[in-house]
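All remarks here apply to the structure that follows.
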Amino acid sequence: MSETPPNTLQYRFDGPEEAPVLILGPSLGTTWHMWDRQIPELIKQWRVFRFDLPGHGGAPAYPAGSVGDLTTRLLTTLEGLGVHRFGYAGCALGGAVGIELALRHPERLASLALIATSPRFGTADEFRQRGVIVRTNGLDPIARTAPERWFTGGFAAAQPAITEWAVQMVRTTDPGCYIASCEALASFDVRPELGRVGAQTLVLVGSDDQVTGPAEARTLVAGIPDARLAVVPGASHLVPVEQPAAVTDLLVRHFSTAWQPAFETSTGQNVLPPVALKPVLSPAPPQPLQTGPVAEIAPVAVPPQAQGRPDPYDAGIKVRREVLGDAHVDRALAQADEFSGDFQEFITRYAWGEIWDRPGLDRRTRSCVTLTALVAGGHLDELAFHTRAALRNGLTPGEIKEVLLQAAVYCGVPAANSAFKVAQQVIREETTPQE
């Protein structure tokens with residue numbers, strides 16, 4: 001185990017020092033112990049490296065708000081240990097780190113397995129809403145519902161000790177780091193880039209996974225050249241925990257046969273290994289790995305260097321979606337017609353691309369200013385969706401209350417009275433956990 005500075009990750013090694021390194025990446029809300037039942041078999045061939053996400057499993061609470069940040073911390077940790085090339089298997093958020101490695105650092109990756117992973121995890125709104133729930137209520141509501149997201153009903157009923165372990169694992173996670181990990185998943189979308197993944201890839205999913213299920217797995221297989229698919233029957237999202245023998249067998253077969261050699265330094269090429277053997281899923285009947293279609297990689301056109309000041313529209317639509325949510329922005333744009341379309345373009349470009357994207361104030365502060373201005377102007381419709389935006393930007397209900405109390409002094413009690421009614425309803429809707 002390790003002592004962990006802010007730019008690295010808490011880790012542990014198992015297995016012989018001279019063996020090639022195989023990294024196992026965890027899912028959001030879990031610790032490296034989710035891989036415990038794979039370790040005895042894997043260490044027969046590999047030196048297994050496991051890591052915890054920030055604030056998970058007692059790791060120091062240094063939040064990482066993007067998959068790229070997590071990947072950089074992992075590589076920094078490995079550099080300090082002298083590990084330059086490795087195989088990688090990751091579950092969900094850990095799988096997103098694996099895709100990031102394959103796209104940004106292909107020379108480090110010998111082989112890749114993506115478990116319960118997606119090129120885009122749900123919608124950004126879903127994960128930012130989860131962040132609002134945790135910021136307001138803590139992690140207990142998320143912890144109590146973890147077993148139904150992670151396991152099949154039959155497994156949860158038959159394994160009460162593991163079910164309780166799952167609840168406690170989430171409950172003891174640092175809330176700020178959990179929220180940051182939600183933000184990392186909200187902003188992760190590599191669908192257009194899958195064709196550039198060059199590592200030999202196994203995509204593995206539980207047949208009953210309702211979080212990132214077979215449909216998402218097939219999207220990965222369709223996009224990643226020569227990727228192979230394995231569907232494990234009788235398993236949900238945390239398939240390494242629910243069906244450990246099947247997952248272990250698949251990983252051993254994949255990494256034993258699809259371990260690519262390092263790039264040859266004089267040519268920058270590598271020699272492709274033989275096709276992977278078909279795994280046998282135990283205790284279920286044998287399930288062959290299905291070969292996905294080979295993606296055709298086209299050269300990426302490099303646009304000419306833009307002249308003068310860049311158009312702020314693209315930055316504006318990105319910020320507008322992050323602050324207000326995809327659903328709200330999609331509705332506004334869908335309702336725009338010839339009469340109102342120019343106005344939608346105007347506010348996207350100038351309000352969101354020019355002002356909200358300026359570095360001088362953070363988004364929490366901008367939400368405070370915006371709420372106060374809307375109270376002063378009596379703009380209650382806008383106050384409603386900017387209250388939602390304030391929650392997404394990190395303000396707590398208590399902080400929103402303080403903003404409205406301050407506004408009552410300087411904008412008037414009647415205006416604040418109306419504002420409290422609107423904000424109270426929005427906060428109740430946004431912060432009540434869904435049972």
Side-chain angles (χ1 to χ4, degrees), residues 28-29 55-56 61 63 65 93 121-150 167-187 211 319-332 356 362-375 379-408 415-435:
L28 172 62
H56 292 59
L93 178 52
F121 291 81
T123 68
D125 288 353
E126 291 169 359
F127 281 100
R128 293 191 173 112
Q129 173 68 16
R130 191 185 297 187
V132 170
I133 295 293
V134 174
R135 192 176 292 113
T136 306
N137 302 281
L139 273 165
D140 187 65
I142 304 296
R144 285 187 283 106
T145 57
E148 64 192 57
R149 292 192 305 275
W150 288 354
V167 171
Q168 293 304 320
M169 191 163 46
V170 178
R171 188 172 280 149
T172 55
T173 299
D174 176 78
C177 289
Y178 189 95
I179 292 168
S181 295
C182 287
E183 180 60 36
L185 289 170
S187 58
V211 181
V319 174
R320 189 178 180 187
R321 287 184 178 280
E322 289 173 354
V323 173
L324 298 180
D326 288 331
H328 175 90
V329 176
D330 287 343
R331 281 195 303 271
W356 273 89
D362 62 26
R363 290 184 186 175
R364 285 169 48 88
T365 305
R366 290 190 186 279
S367 277
C368 291
V369 174
T370 302
L371 292 177
T372 304
L374 293 173
V375 173
H379 305 302
L380 298 183
D381 287 343
E382 297 251 338
L383 180 68
F385 63 75
H386 270 285
T387 300
R388 290 188 179 89
L391 291 167
R392 292 165 64 96
N393 283 343
L395 291 178
T396 65
E399 290 170 328
I400 293 173
K401 177 182 72 174
E402 293 301 322
V403 171
L404 298 184
L405 286 171
Q406 186 84 2
N417 182 52
S418 298
F420 264 101
K421 291 177 182 177
V422 170
Q424 183 181 39
Q425 179 62 30
V426 170
I427 290 170
R428 184 180 295 118
E429 293 171 356
E430 293 295 306
T431 63
T432 301
Q434 299 298 314
E435 297 294 345

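Remember, it's a predicted structure, so these values are computed and weren't measured experimentally.
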request  = Taking atom types as modelled, find out whether T145 and R149 have a side-chain donor-acceptor pair closer than 3.5 angstrom.
outcome  = yes
ask   = Taking atom types as modelled and ignoring hydrogens, do the side chains of N393 and S367 form a donor-acceptor contact shorter than 3.5 angstrom?
value = yes
Mind checking whether [X] and [Y] have side chains closer than 4.5 Å, heavy atoms only?
X	Y	answer
H379	H386	no
Q406	T372	no
E402	E399	no
T136	P397	yes
L28	F121	no
V319	R363	yes
R130	Y178	yes

inquiry  = Is there a side-chain contact (heavy atoms from CB on, under 4.5 Å) between V375 and V403? Walk through the geometry before answering.
reply    = CA-CA 10 Å; V375 173; V403 171; over 6 Å; no
key: Those residues that, when tested against R392, pass side-chain contact (heavy atoms from CB on, under 4.5 Å) (two or more places apart)   = D125, R128, V132
request  = Kindly write out the residues that satisfy side-chain contact (heavy atoms from CB on, under 4.5 Å) with A384, not counting sequence neighbours, or none if the list is empty.
outcome  = R388, V422, V426
query = Can any side-chain N or O of H56 pair as donor or acceptor with the backbone N or O of G29 at less than 3.5 Å?
reply = yes
ask   = Donor-acceptor pair, E430 side chain versus Q129 backbone, under 3.5 Å?
value = no
query = So H328 and F385, would you call those rings parallel, tilted or perpendicular, with 30° and 60° as cut-offs?
reply = tilted
What are the two closest heavy atoms between [X] and [Y], and how far apart are they?
X	Y	result
A390	L371	CB-CD1, 4.1 Å
S187	G65	OG-O, 4.3 Å
D140	R171	OD1-NH2, 2.7 Å
V134	I142	CG2-CG1, 3.7 Å

